[in-house]
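Report on the following structure.
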Protein chains: 2
Amino acid sequence: MRPFRPILDRLHQAGLRPTRQRMALAKLMFEGRDCHVTAESLHAQAITHRVRVSLATVYNTLHQFTSAGLLREIVIDAARSYFDTNTSDHHHFYWEGTGLLEDIPSDQIIMEKLPSPPPGTTIKRIDVVIRLAGCTK
Amino acid sequence: MRPFRPILDRLHQAGLRPTRQRMALAKLMFEGRDCHVTAESLHAQAITHRVRVSLATVYNTLHQFTSAGLLREIVIDAARSYFDTNTSDHHHFYWEGTGLLEDIPSDQIIMEKLPSPPPGTTIKRIDVVIRLAGCTK
DNA sequence: GTGATTGCAAATCTTTTGCACTAAA
DNA sequence: TTTAGTGCAAAAGATTTGCAATCAC
């Protein structure tokens with residue numbers, strides 16, 4: 001994956017029409033460093049940047065991007081869904097108090113032993129979440 | 001923790017009055033093998049066993065038991081909360097298709113390397129979820 | 001043009017809450 | 001008694017959906 005491939009190319013490659021809303025949301029998420037968003041936070045960010053887009057479209061876009069492999073959904077809190085612009089193999093720190101999420105590069109966690117998947121199944125992904133207590137950065 | 005301590009003692013120790021509803025739900029969950037429930041599934045199970053209890057009380061009870069350390073909440077699917085009667089250190093297999101959850105004993109996953117928690121924080125828990133694709137058992 | 005996409009509002013689903021009623025201590 | 005616990009229905013959040021209007025190709 002080429003992280004700096006222009007937004008337009010990424011949408012084309014994903015088979016998604018580059019509409020004004022998708023382009024704007026993609027720019028908010030993919031320009032700059034990797035980030036974690038919720039539908040609510042992305043919608044708020046859009047409004048701050050004077051991008052007119054409905055919350056329903058934000059939800060739709062997040063799911064379309066996730067299906068297209070542009071985003072990865074992280075299940076970490078029953079109250080809301082997080083999406084991560086970093087789709088490569090990695091893990092997470094999570095501050096339960098504040099809802100802050102931080103990436104852990106995959107080479108920082110090495111599993112010495114893993115169970116074999118039950119017969120007939122294959123491992124789709126291994127998620128490691130380190131839940132933290134204590135002060136927020 | 002003594003897994004076979006009578007239900008009544010467990011509730012007393014947790015400071016929870018042994019009401020008809022709590023006793024019945026506790027029996028459904030704690031008698032027999034460890035299991036994973038959702039509010040919905042436990043409510044359905046109660047109805048099957050002719051236990052009259054409202055869904056609101058099931059939710060309340062699950063959270064009270066979790067606060068008391070009798071249950072552990074597992075965040076695995078944004079669509080609903082799972083509760084595990086096994087509160088000891090362990091991990092999970094998850095079949096995304098069917099919502100089936102299966103315990104992985106803690107000695108089946110050994111982490112050779114872990115990142116240190118950010119300054120000022122402590123690790124509250126490490127959750128490992130192995131997401132599976134393929135046939136259901 | 002034509003089919004994909006959007007916005008809005010309404011619907012859905014899970015979970016929580018207010019409050020009068022009931023039961024445990 | 002006195003206080004905790006319950007049930008119901010209503011409320012609250014997050015997410016989804018139906019459908020007419022709009023946009024990309």
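Numbered from 1 within each chain, the chains take letters A, B, ... in sequence-line order.
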Taking for B:A39 and for B:H12 the nucleotide of DNA chain C with the nearest heavy atom, the one nearer the 5' end belongs to B:A39
Protein heavy-atom contacts under 4.0 Å, written 5' to 3' over nucleotides 1-13 of chain C as B (base), S (sugar-phosphate only) or - (none), form the string --BSSSBB-----
Mind listing the side-chain donor-acceptor pairs of residues 52-59 of chain B below 3.5 Å, one per line with the distance, residues two or more places apart or on another chain?
| from | atom 1 | to | atom 2 | distance (Å) |
| --- | --- | --- | --- | --- |
| B:S54 | OG | B:T57 | N | 3.2 |
| B:S54 | OG | B:T57 | OG1 | 3.1 |

Contacted region of DNA chain D by chain B, from 5' end to 3' end of the hits, cut-off under 4.0 Å to heavy atoms, spans D:dT3 to D:dC8
Shortest non-hydrogen contact from B:P18 to B:L11? CA-CD1, 3.8 Å
Over all strands shown, is A:H43 touching base, sugar-phosphate only, or nothing at heavy-atom distances under 4.0 angstrom?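 Nothing: the residue A:H43, judged by heavy atoms under 4.0 Å, touches no strand.
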Rounded to 10 degrees, the angle between the two terminal axes of the helix from C:dG1-D:dC25 to C:dA25-D:dT1, each from five pairs: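 One end's axis against the other's: 30°.
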Rounded to whole Å, how long is the line connecting atom [atom1] of [X] with atom [atom2] of [N]?
X     : N      : atom1 : atom2 : answer
B:F83 : C:dT14 : CZ    : P     : 14 Å
B:Y82 : C:dT15 : OH    : P     : 11 Å
B:E40 : C:dT14 : CD    : P     : 6 Å

So, OP1 or OP2 of C:dT16: does either fall under 4.0 Å of a side-chain N or O from B:H63?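 Looking at the OP1 and OP2 atoms of C:dT16, one of them is under 4.0 Å from a side-chain N or O of B:H63.
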Applying ring-ring contact (aromatic ring centres under 6.0 Å, His included), can you list everything that pairs with [X], at least two apart in sequence or on another chain?
X     : answer
B:Y94 : none
A:H90 : A:H92
A:H63 : A:F83

All pairs passing salt bridge (charged side-chain N to carboxylate O under 4.0 Å, His left out) where residues 12-28 of chain B contributes a residue, at least two apart: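 Salt bridge (charged side-chain N to carboxylate O under 4.0 Å, His left out) check on residues 12-28 of chain B returns no pairs.
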Going by the salt bridge (charged side-chain N to carboxylate O under 4.0 Å, His left out) test, which pairs reach into residues 32-43 of chain A, not counting sequence neighbours? none
Tell me every residue that passes salt bridge (Lys or Arg N to Asp or Glu O under 4.0 Å) with A:R80, counting only those two or more places apart in sequence or in another chain. A:D77
With sequence neighbours excluded, give me every side-chain hydrogen bond (donor to acceptor under 3.5 Å, both in side chains) pair touching residues 124-135 of chain A. A:R72-A:D127, A:E96-A:R131, A:K124-B:E96, A:R125-A:D127, A:D127-B:R131, A:R131-B:D127
Any chain of hydrophobic side-chain contacts (each under 4.5 Å) joining A:V128 to A:V75?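 No, because A:V128 and A:V75 fall into different hydrophobic clusters, even though each may have its own neighbours under 4.5 Å.
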Give every donor-acceptor pair under 3.5 Å between a side-chain atom in residues 106-120 of chain B and any protein atom, sequence neighbours left out.
| from | atom 1 | to | atom 2 | distance (Å) |
| --- | --- | --- | --- | --- |
| B:S106 | OG | B:D89 | O | 3.4 |
| B:K113 | NZ | A:D107 | O | 3.4 |

